[in-house]
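The structure under discussion appears below in the form of structure tokens.
Model, not experiment: these values are computed from the prediction.
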Amino acid sequence: RNFFHRSLMLFYYFLKMIYRNLKALLVKNGISREEFSKMLSIDKSTLSMKINGKRDFTKTEIDKIIKVFKLSYEEIFFEEQINKTLNEAS
């Protein structure tokens with residue numbers, strides 16, 4: 001397959017990893033989705049769509065997520081790993 005297709009597949013793979021990581025952080029910290037949606041000031045159904053990759057988190061929501069879990073952006077969203085893998089694929 002071509003480079004674009006491989007890159008797109010890697011991108012979707014890492015999106016799934018990001019959302020799994022976020023779900024795991026909720027469980028690990030004993031935070032329900034209802035509590036988390038209130039922390040982010042969004043509706044529970046909106047949170048569900050975002051956690052399942054159907055909608056994107058806003059910058060404000062990402063900042064709140066970082067504060068809630070007291071972790072860096074990279075620790076939550078794997079930015080460095082995503083970039084490294086995409087660069088290796090090119």
When rounded to the nearest 0.5 angstrom, what distance separates NZ in K54 from CE in M49?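 The CE atom of M49 is 9.5 Å from NZ of K54, to the nearest 0.5 Å.
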Listed by chain and number, what are the side chain to side chain donor-acceptor pair (under 3.5 Å) partners of S32, not counting sequence neighbours?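 For S32 the side chain to side chain donor-acceptor pair (under 3.5 Å) partners, ignoring immediate neighbours, are E35.
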Run the side chain to side chain donor-acceptor pair (under 3.5 Å) test against S45 and tell me which residues pass, sequence neighbours left out.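 Listed in chain order: D43.
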Pairs of donor and acceptor atoms involving the side chains of residues 63-70, under 3.5 Å and at least two apart or interchain, shall be tabulated with distances.
{"residue": "D63", "atom": "OD1", "partner": "K59", "partner atom": "NZ", "Å": "2.9"}
{"residue": "D63", "atom": "OD2", "partner": "K59", "partner atom": "NZ", "Å": "3.3"}
{"residue": "K64", "atom": "NZ", "partner": "S41", "partner atom": "OG", "Å": "3.3"}

State plainly whether one hydrophobic cluster holds both L25 and I31, where clusters connect Ile, Leu, Val, Met, Phe, Trp and Tyr through side-chain heavy atoms under 4.5 angstrom apart.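 Yes, it is one cluster - the side chains of L25 and I31 are joined through contacts under 4.5 Å.
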Between [Y] and [X], is there a side-chain heavy-atom distance shorter than 4.5 Å?
{"X": "L40", "Y": "T46", "value": "no"}
{"X": "L47", "Y": "F57", "value": "yes"}
{"X": "R33", "Y": "K23", "value": "yes"}
{"X": "T58", "Y": "K50", "value": "yes"}

